[in-house]
Amino acid sequence: MQEKHITDKIKTSYPFVDILFGTHTLFRFPEDLYKAIEEKRKIEDIIDVDGEIYENLPIKRDSKIQASVSIMNGCNNFCTYCIVPYVRGRERSRQPKDIIDEVKELAKKGYKEITLLGQNVNSYLRVEKEKNIPFEKYEGVDSFASLLKAVDKIDGIERIRFISPHPKDFTDDVIDAIATCEKVCKLIHLPLQSGNTKVLKEMNRKYTKEQYLELVEKMKKKIPNLTLSTDIIVGFPGETDEEFLDTLDVVERVNFEQIYMFIYSRRKGTPADKMDNQVPEDIKHIRFNKLKGLFESRIEENNNKYVGKMEKVLVEGESKNNKDLLTGRTDSNKVVIFEGDKSLIGKIIDVKIVSQHMWYLKGKIEN
Ligand code: SF4
């Protein structure tokens, strides 16, 4: 509850709420809860600061195979549609040792796949270097590329993913690290948001259509078996039909493995919410359906490239729809369903892909 208009709403519409806390006071929740119970009073604990990193907070993990590890908090990019920089404060990175120790601990507990998390992961430690904020280099880690290399060396961890990088910060050393680190998955999530340079400028994304496409080409050349996923917003204020065609053009050219599509929605407190050229809802929906149609028309062709191939699959558990089958994912994050013994759960195994379906692949273990 970091935004004032939201805390005001809670207080007026839900007066029975006892504790209100914000993103910067999450670490004080046990203390706030204790006070609310012991002192029988309402607690409001919201502060407006740039934010700190708090270590050793307890983490509840849902999976015993895959874990997310936060490497940084906050964001300095101020994309005009996004509230994150206002509610999560300025970008700051965790100390390399804290991250490496957490991953080693997870490896000891048997976790196989790690996702490094941050609003802008590929600028890890950049702000610290620019502003001379002290950090301690550990196991050679002083950048995102060196962090990938260090995590790649940790015994027991078999797959490394990361979300989300920003295209403007995708430096060559990161591309080289992805190419050379065996455990780093070759599916890269590269948020596009729009394929039109004017819209990207209005969004304050700091890259052009051409720069994005050049980056993709460079990555495709350097990273064998690269696949890409992306985020796209349709109907950003001022986007015309013609400008939207640029988004479809980039989708055609890049051939994304997965697209997370969003219809632009206004967020109070952001610059885009104040823009007076909002796109009518019906037009946003028409564009969304066009994008969805284009993406879905490529799925079969994209999935067909897997059929007949052997894929490394991390077995996640029983299939939700049929307990007699197992489910797992390829390096490119495709869901694979196949017959197999439950003892395979948590292992990476070779599965031959025998058929493709819209949202999953069917596989077979060959003896
Ligand atoms: S969209 Fe991502 S990069 Fe842009 S301001 Fe929000 S969190 Fe930061």
Side-chain angles (χ1 to χ4, degrees), residues 77 79-82 120 122 163-172 174-175 178 186-266 271-272 275 277-306 332-334 356 358-359:
N77 287 327
C79 302
T80 52
Y81 52 82
C82 180
N120 198 12
N122 51 344
I163 43 171
S164 277
H166 196 301
K168 77 174 167 56
D169 297 313
F170 232 108
T171 45
D172 287 351
V174 174
I175 297 175
I178 297 165
K186 308 309 179 216
L187 168 77
I188 306 301
H189 185 71
L190 193 64
L192 170 67
Q193 309 305 8
S194 166
N196 177 268
T197 298
K198 192 210 100 198
V199 176
L200 286 167
K201 193 161 191 297
E202 295 290 312
M203 288 176 162
N204 196 28
R205 291 290 293 173
K206 302 190 179 85
Y207 52 86
T208 62
K209 173 186 182 182
E210 289 69 30
Q211 284 166 336
Y212 186 93
L213 288 170
E214 277 164 26
L215 175 62
V216 167
E217 277 318 301
K218 194 198 286 183
M219 290 167 81
K220 281 184 175 171
K221 268 192 202 127
K222 287 192 165 186
I223 306 171
N225 301 321
L226 177 81
T227 51
L228 290 157
S229 62
T230 198
D231 297 326
I232 293 176
I233 299 171
V234 300
F236 184 79
E239 181 191 69
T240 64
D241 281 339
E242 210 185 340
E243 287 161 358
F244 171 66
L245 291 180
D246 274 330
T247 298
L248 298 183
D249 183 43
V250 176
V251 169
E252 287 264 15
R253 291 206 216 178
V254 177
N255 196 17
F256 295 104
E257 196 78 16
Q258 180 61 272
I259 303 179
Y260 301 92
M261 302 169 215
F262 305 91
I263 291 177
Y264 170 75
S265 67
R266 300 172 77 157
M275 294 177 183
N277 47 1
Q278 302 290 326
V279 174
E281 285 304 314
D282 55 338
I283 293 180
K284 286 194 230 177
H285 280 86
I286 291 170
R287 288 182 196 160
F288 181 85
N289 288 334
K290 276 190 188 156
L291 174 62
K292 190 165 163 276
L294 173 62
F295 174 64
E296 289 181 357
S297 71
R298 307 289 290 267
I299 291 179
E300 190 177 337
E301 185 190 327
N302 271 334
N303 282 352
N304 270 334
K305 69 176 182 273
Y306 292 92
S332 58
N333 215 27
K334 283 272 173 207
Q356 66 88 18
M358 191 83 164
W359 303 115

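Values below: all heavy atoms of this structure, side chains included; hydrogens, waters and symmetry mates excluded.
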Taken to the nearest 0.5 Å, the spacing of S332 OG from L226 CG works out to 10.5 Å
Does some side-chain heavy atom of N122 sit less than 4.5 Å from a side-chain heavy atom of T171?
no
Mind listing the closest non-hydrogen atom pair of S194 and L200 along with its distance?
O-CD2, 3.3 Å
Kindly give the heavy-atom pair with the smallest separation between P165 and P191, and that separation in Å.
O-CD, 3.2 Å
Heavy-atom side-chain proximity of K290 to V234 below 4.5 angstrom
no
Counting C-beta onward and ignoring hydrogens, is there a side-chain heavy-atom pair between H189 and S164 closer than 4.5 Å?
yes
Quick one: does T208's side chain have a donor or acceptor within less than 3.5 Å of a partner on T197's backbone?
no
Where at least one partner belongs to residues 191-207, residue pairs that pass salt bridge (charged side-chain N to carboxylate O under 4.0 Å, His left out), sequence neighbours excluded
K198-E243
By side chain to side chain contact (heavy atoms under 4.5 Å, CB included), P224 pairs with (sequence neighbours left out) none
Does anything in residues 221-233 pair up under salt bridge (charged side-chain N to carboxylate O under 4.0 Å, His left out), and if so which pairs, sequence neighbours excluded?
D176-K222
For residues V279 and G238, report the shortest heavy-atom separation together with the two atoms involved.
CG2-N, 4.0 Å
Applying side chain to side chain donor-acceptor pair (under 3.5 Å), can you list everything that pairs with N302, at least two apart in sequence or on another chain?
N255
Is E242 atom CD crowded by more than 12 heavy atoms from other residues, nucleotides or ligands, each under 6.0 Å away?
no
To the nearest 0.5 Å, tell me how far H166 NE2 sits from Q193 CD.
8.0 Å
Drop me the distance from I232's CD1 to F262's CZ, to the nearest 0.5 angstrom.
10.0 Å
Measure the shortest side-chain to side-chain distance between Y207 and L215 over non-hydrogen atoms and say whether it is less than 4.5 angstrom.
no
Tell me whether N225 at atom CG has more than 12 heavy atoms from other residues, nucleotides or ligands lying less than 6.0 Å away.
no
How close do K220 and R253 get, counting heavy atoms only, and between which atoms?
NZ-O, 4.0 Å
Does the side chain of T230 reach to within under 4.5 Å of the side chain of L228, using non-hydrogen atoms?
no
Okay, side chain of E257, backbone of I188: is any donor-acceptor separation there less than 3.5 Å?
no
Using side-chain contact (heavy atoms from CB on, under 4.5 Å), reason through N304 and E300 one step at a time and then give a plain yes or no.
CA-CA 6 Å; N304 270 334; E300 190 177 337; 4.0 Å; yes
ring-ring contact (aromatic ring centres under 6.0 Å, His included) contacts touching residues 218-257 (sequence neighbours left out)
F236-Y264
Measuring only between side-chain heavy atoms, which start at C-beta, is N120 closer than 4.5 Å to K168?
yes
Using the rule given for side-chain contact (heavy atoms from CB on, under 4.5 Å), can you reason through N333 versus Q258, listing the C-alpha separation, both sets of side-chain angles and the distance that settles it, and then say yes or no?
CA-CA 9 Å; N333 215 27; Q258 180 61 272; over 6 Å; no
Do the side chains of K284 and E239 get close enough for a salt bridge, i.e. N-O under 4.0 angstrom?
no
Report the C-alpha distance between K186 and I178 in whole Å, list the side-chain angles of each, state the deciding distance to 0.1 Å, and finish with yes or no for side-chain contact (heavy atoms from CB on, under 4.5 Å).
CA-CA 7 Å; K186 308 309 179 216; I178 297 165; 4.2 Å; yes
List for me each residue that meets side chain to side chain contact (heavy atoms under 4.5 Å, CB included) alongside N303, sequence neighbours excluded, and say none if there are none.
I299, K334, Q356, L361
I need the R287 CZ to I263 CD1 distance, nearest 0.5 Å.
11.5 Å
From CG (N204) to SG (C82), nearest 0.5 Å
11.0 Å
Where is the tightest heavy-atom contact between N196 and T247, given as atom of each residue plus distance?
N-OG1, 4.4 Å
Side chains of M219 and L190: does their closest heavy-atom pair fall under 4.5 Å?
yes
After noting the C-alpha distance and the side-chain angles of V251 and R298, does the key distance pass the side-chain contact (heavy atoms from CB on, under 4.5 Å) rule?
CA-CA 10 Å; V251 169; R298 307 289 290 267; 5.9 Å; no
Any heavy-atom pair between the side chains of L213 and V250 that's under 4.5 Å?
yes
